[in-house]
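Structure first, then comments.
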There are 2 protein chains.
Amino acid sequence: MRDDANTDEVTLGRIETEVALLMRLGEATRRASGTAEHRVLDRAAYVILRHLAGAGPQNVSALAAKLNLDGSTVTRQVSAMQRDGLIARTPDPADGRGTVISPTPAGLQRMAAVRAARTRLYGDILAAWSPDDRESLADLLHRLNEALESRTRRR
Amino acid sequence: MRDDANTDEVTLGRIETEVALLMRLGEATRRASGTAEHRVLDRAAYVILRHLAGAGPQNVSALAAKLNLDGSTVTRQVSAMQRDGLIARTPDPADGRGTVISPTPAGLQRMAAVRAARTRLYGDILAAWSPDDRESLADLLHRLNEALESRTRRR
DNA sequence: GACAGATAGCTGTATTGTACAGGTAAATCA
DNA sequence: TGATTTACCTGTACAATACAGCTATCTGTC
């Protein structure tokens with residue numbers, strides 16, 4: 001029993017290490033490709049467009065809640081995105097205070113382009129992996145995110 | 001063959017999605033716990049201490065290279081950490097230009113505390129997971145990071 | 001050994017992404 | 001109807017980062 005508990009703690013420590021490392025690498029990658037050609041879409045704009053595309057047009061508040069960001073942050077993000085023609089603001093017909101944010105065709109097109117580029121990137125990075133391992137990684141990451149998200153919501 | 005290629009592209013898309021989501025969640029978690037009690041160690045300080053503890057005292061440049069950060073960024077980080085008593089600067093005996101950054105006992109202690117807290121957090125989040133799944137997650141994340149890192153270095 | 005170029009680190013400045021506080025207008029509730 | 005809440009925006013501040021430019025030192029070449 002002692003050994004099992006130990007092994008488990010070691011595994012948790014490894015997961016902690018690897019997640020921290022992944023975050024660092026991910027940010028470095030984003031920064032590096034951000035300044036270069038791929039300045040098409042900064043990170044926040046990408047996740048906002050992903051969310052709008054997946055869950056449909058919605059209010060700033062709904063977006064902020066989903067993205068775990070302050071409303072003011074999202075306001076400024078969507079302002080910038082509107083300036084760039086990526087989203088459109090329309091008054092919410094059901095609530096005079098609200099404005100509905102919808103992706104524009106140009107926004108969707110750019111999001112798709114970034115997504116395709118990223119997918120290609122992963123294809124490149126994981127070129128040597130077996131399909132099974134790729135599947136496992138996708139599954140486990142999905143479950144990890146579910147677990148993280150449910151905990152975030154719960155708190 | 002058509003189906004296989006398709007399946008694979010879907011998997012890559014899922015991995016892209018999940019990594020993006022994990023980054024977003026991770027940042028949200030960091031921000032949330034950053035303002036609260038856990039203001040013990042901001043992110044950069046933690047990774048710097050992790051690295052110093054693992055690889056030994058070293059120069060600002062070496063740190064910057066390892067962390068994929070600009071030297072000036074690391075300079076400021078270590079300045080703040082020195083102010084907080086987490087690291088010490090000593091002149092490099094082998095190179096008059098350099099200063100060697102070493103963790104202080106207080107820095108190591110705080111790093112260990114944060115690490116333990118994070119490990120506990122993962123234990124909490126993954127409470128329902130089987131040991132096998134945890135192992136798989138740790139392994140696959142490790143391999144993903146290796147792949148990412150070797151690509152970053154190669155570029 | 002002297003000088004040219006490279007390197008280590010620091011400082012100034014700008015940018016980006018974020019939060020919090022405060023304001024206004026609209027909605028909701030008692 | 002009046003009080004409270006909500007949605008959004010704006011002002012302000014802060015943290016993390018990069019780039020440019022600076023000085024001190026090192027390294028190689030002649």
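Protein chains get the first letters and strands the later ones, always in sequence-line order, with residue 1 at the start of each.
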- Task: Examine C:dC10: is either OP1 or OP2 under 4.0 Å from a nitrogen or oxygen in the side chain of B:Arg89? Give yes or no.
- Result: yes
- Item | Distance test, side-chain N/O of A:Thr75 to OP1/OP2 of D:dC9, below 4.0 Å | yes
- Message: If I take atom CD from residue B:Gln77 and atom CD1 from residue B:Ile48, how far apart are they, to the nearest 0.5 angstrom?
- Response: 5.0 Å
- The residue, A:Arg97 or A:Val74, whose nearest nucleotide of DNA chain D is more 5′ is A:Arg97
- Message: Holding to salt bridge (Lys or Arg N to Asp or Glu O under 4.0 Å), I want the full list of residues that pass it with B:Arg89, two or more places apart in sequence or in another chain.
- Response: none
Interatomic distance where [atom1] belongs to [X] and [atom2] belongs to [N] [whole Å]:
X       : N      : atom1 : atom2 : result
A:Glu27 : D:dA18 : CD    : P     : 10 Å
A:Gln77 : D:dC8  : CD    : C1'   : 16 Å
B:Asn68 : D:dC19 : CG    : P     : 13 Å
A:Leu63 : C:dT18 : CG    : P     : 13 Å
B:Asp92 : C:dT7  : CG    : P     : 16 Å
A:Leu69 : D:dA7  : CG    : C1'   : 16 Å
B:Asn59 : D:dT25 : CG    : P     : 15 Å
A:Asp70 : D:dA7  : CG    : C1'   : 12 Å

If you look at every strand shown and take non-hydrogen atoms under 4.0 Å, does [X] touch a base, only sugar-phosphate, or nothing?
X       : result
A:Thr99 : sugar-phosphate
A:Gly71 : nothing
B:Asp95 : sugar-phosphate
B:Gly96 : sugar-phosphate

- Message: At less than 3.5 Å, do the side-chain atoms of B:Arg76 and the base atoms of C:dG12 form a donor-acceptor pair?
- Response: yes
- Query: Side chain of A:Ser72, base of C:dC20: donor and acceptor closer than 3.5 Å?
  - Reply: yes
- Task: Could you please spell out the steps behind the side chain to side chain contact (heavy atoms under 4.5 Å, CB included) verdict for A:Arg134 and B:Arg14?
- Result: CA-CA 10 Å; A:Arg134 295 181 183 193; B:Arg14 284 174 61 211; over 6 Å; no
- Message: If hydrophobic clusters are built by linking Ile, Leu, Val, Met, Phe, Trp and Tyr wherever their side-chain heavy atoms come under 4.5 Å apart, do B:Leu108 and B:Leu63 end up in the same one?
- Response: no
